[in-house]
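Presented below is the structure to which this report refers.
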Amino acid sequence: MADRLLDFLLVERQDPKKLAPNERIIHFNEIYSQFKEDSSKEQSHRCLDCGNPYCEWKCPVHNYIPNWLKLVQQGKIIEAAELCHQTNSLPEICGRICPQDRLCEGACTINDDFGAVTIGSIEKYIVDTAFAMGWTPDLSNVVKTNFRVAIVGAGPAGLACADVLSRNGVEAVVFDRYDDIGGLMLYGIPNFKLDKQVLATRKQIFEKQGITFQCNTTIGKDISFAQILKDFDAVFIGTGAYQPITGNITGLDSANVVLALPFLTASTKKIQKKTLTKLEKEVLTTSINERVVVLGGGDTAMDCVRTAIRLKAKTVTCVYRRDEKNMPGSAREVANAKEEGIKIIYNSQPTAIISNERSEVKQVTVAETTLQQSIGLNSRAEYIVNHEKLSSIPASKVLIAFGYKPEPHPWFEEMGIAFDKNTHKVLTKNKLPYQTSNQKIFSGGDMVRGADLVVTAVYDGREAAHSIVKYLHAQ
Ligand code: SF4
């Protein structure tokens with residue numbers, strides 16, 4: 001193996017094949033193909049085995065990346081899949097949707113001069129291949145307990161929590177208001193980034209592990225939280241961040257101003273041939289031949305622009321208040337959006353949505369911004385808005401994609417769950433990590449940290465499960 005340590009000098013970084021823009025915008029299928037055995041080995045060999053794996057540190061779940069790359073080189077896919085699952089409950093999903101350029105691959109030692117090892121695509125390859133080989137997690141060493149834990153929310157935090165609990169012999173029952181598992185990943189992340197069959201396969205694996213799912217169940221409506229608290233030994237809440245941030249813009253009440261999530265949800269439901277509400281149908285039919293303007297510059301904004309182009313919008317423009325370097329999302333997704341014909345207007349702060357007398361959107365007014373220096377190593381640059389430098393962008397539909405924050409549930413107060421009154425984040429400053437002010441209730445993911453990545457929610461869910469296990473055994 002030693003003679004191959006310099007492979008990165010000889011072998012270029014290769015991503016799996018990607019569909020050409022004109023081929024991919026006519027459907028919602030995933031745009032990347034899968035590595036084959038030989039290409040995955042070849043790309044894995046590019047790992048320098050640098051001895052100081054910054055990739056592992058930068059990966060929010062601290063995956064054992066160089067170790068599973070070595071197993072891929074040796075063709076040991078099942079062992080690699082087992083190792084992936086020691087740190088990550090949804091590796092095939094993170095391999096698809098993590099912003100690797102900001103995380104593991106951005107920290108790869110050879111990134112700057114030679115191009116990072118294609119870590120995300122190899123992670124996806126390992127797990128997809130293991131599933132195709134019939135692999136399921138080896139739980140033969142698990143010692144069953146009599147503990148039962150309820151998990152509210154089947155998003156990444158809840159699923160990761162259930163995974164770790166089941167691996168510790170604890171019965172996990174997951175409740176969710178949607179008709180299937182995934183939370184935001186189910187309808188909020190478009191199929192061209194995450195095919196929903198991936199979620200269906202993961203659900204089967206979790207069910208084989210003994211995790212139970214109760215979908216179509218809204219806590220506080222179909223069953224009270226007090227009842228759940230009585231029936232189970234502990235509860236984890238991971239219901240995400242769904243309250244939209246709309247910004248300080250006039251004209252938000254005009255017809256054809258739509259929030260990002262209802263738009264993405266309607267589109268994904270339609271592809272999945274699910275029943276759409278009247279409003280969801282309207283959101284989609286009015287997209288055809290329209291001039292769509294998306295406000296925001298993160299991954300959700302990129303999901304919106306790329307969905308709008310697939311819904312045959314006439315033009316799609318994204319307006320972002322900083323420059324490209326300061327965009328919060330994945331550089332890969334921005335590049336994909338641009339390839340698909342999306343125009344991005346940088347350094348522009350939307351100030352007003354202008355409508356005609358029938359309340360139909362006509363244009364968006366934006367003010368030019370000037371960037372200041374960034375205030376910290378990982379922070380984005382501050383900016384000032386020049387209100388005298390205004391311009392207009394023609395629009396017939398505006399999508400608001402400024403982000404989301406957590407929404408406190410009405411039963412929080414009664415259940416003694418403290419949260420920050422401004423940010424709405426649940427406070428978890430009790431004795432154990434992720435334990436709320438009610439010691440029987442734990443929380444994590446977007447609910448606690450605010451809107452963030454799937455992979456950070458996975459980390460929280462897993463860590464919270466370890467706290468729950470400690471709590472249960474101490475009772
Ligand atoms: Fe990279 Fe995300 Fe996988 Fe970590 S989980 S190795 S950050 S793709």
Side-chain angles (χ1 to χ4, degrees), residues 1-18 31-131 133 135 325 327 329-336 377-378 453-456 458-459 462:
M1 200 77 60
D3 58 328
R4 301 208 54 176
L5 281 179
L6 298 179
D7 264 24
F8 69 95
L9 292 174
L10 308 169
V11 179
E12 280 188 7
R13 174 192 162 98
Q14 285 284 329
D15 288 296
K17 280 210 179 74
K18 181 166 70 163
I31 69 168
Y32 290 98
S33 62
Q34 185 68 279
F35 274 141
K36 299 270 184 302
E37 188 184 346
D38 52 352
S39 49
S40 69
K41 282 185 177 171
E42 190 178 63
Q43 290 296 308
S44 301
H45 267 300
R46 292 187 72 247
C47 176
L48 180 59
D49 202 8
C50 56
N52 198 351
Y54 296 107
C55 55
E56 278 190 23
W57 285 107
K58 196 71 185 178
C59 165
V61 290
H62 307 304
N63 274 338
Y64 302 128
I65 298 165
N67 301 60
W68 43 250
L69 289 174
K70 240 180 229 143
L71 290 168
V72 172
Q73 291 162 23
Q74 296 162 3
K76 295 179 177 170
I77 296 302
I78 299 298
E79 289 86 342
E82 286 287 353
L83 192 58
C84 283
H85 284 81
Q86 280 186 26
T87 49
N88 193 349
S89 301
L90 305 170
E92 74 287 11
I93 294 176
C94 293
R96 282 172 165 83
I97 62 171
C98 269
Q100 285 101 9
D101 43 80
R102 287 204 280 131
L103 301 174
C104 53
E105 294 181 11
C108 174
T109 304
I110 60 171
N111 183 38
D112 288 347
D113 296 320
F114 302 96
V117 177
T118 41
I119 298 168
S121 299
I122 293 173
E123 188 176 24
K124 169 187 151 197
Y125 165 79
I126 292 168
V127 184
D128 285 356
T129 309
F131 284 162
M133 291 164 79
W135 172 85
K325 211 170 88 215
M327 287 183 102
S330 162
R332 178 190 59 204
E333 300 309 326
V334 174
N336 283 336
L377 195 60
N378 289 318
L453 302 171
V454 164
V455 66
T456 50
V458 168
Y459 177 79
R462 295 178 63 87

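Computation of the quantities below employed the complete heavy-atom set of this structure, encompassing side-chain atoms and omitting hydrogens, waters and symmetry-equivalent molecules. Predicted model, so just to flag it, every value in this text is computed and none were measured.
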Do V455 and Q100 touch side chain to side chain, with heavy atoms closer than 4.5 Å? no
Smallest heavy-atom separation, P16 atom then S33 atom, equals CB-O, 3.1 Å
Check S89 against R462 and note the closest heavy-atom contact, atom names and distance. OG-NH1, 2.8 Å
Are any of the side-chain nitrogens in K41 or E37 under 4.0 Å away from the carboxylate oxygens of its partner? yes
Any side-chain heavy-atom pair of C104 and I65 under 4.5 Å: yes
Kindly say whether V61 contributes a backbone atom to a donor-acceptor pair with the side chain of N88 at under 3.5 angstrom? no
Check whether Q43 reaches the backbone of E12 with its side chain - one donor and one acceptor, N or O, closer than 3.5 Å. yes
Could you tell me which non-hydrogen atom of I126 sits nearest to which non-hydrogen atom of A81, and how far apart they are? CG2-N, 3.5 Å
P60 and T456 have their tightest heavy-atom pair at CB-CG2, 4.0 Å
Does CZ belonging to F131 count more than 12 external heavy atoms closer than 6.0 Å? yes
Relative to each other, are the rings of Y459 and H62 parallel, tilted or perpendicular (30° and 60° limits)? perpendicular
T118 side chain to D15 side chain, donor-acceptor N/O pair below 3.5 angstrom: no
Side chains of E82 and W135: any donor to acceptor distance under 3.5 Å? yes
Which of K58, R46, R13 passes salt bridge (charged side-chain N to carboxylate O under 4.0 Å, His left out) with E105? It is R13
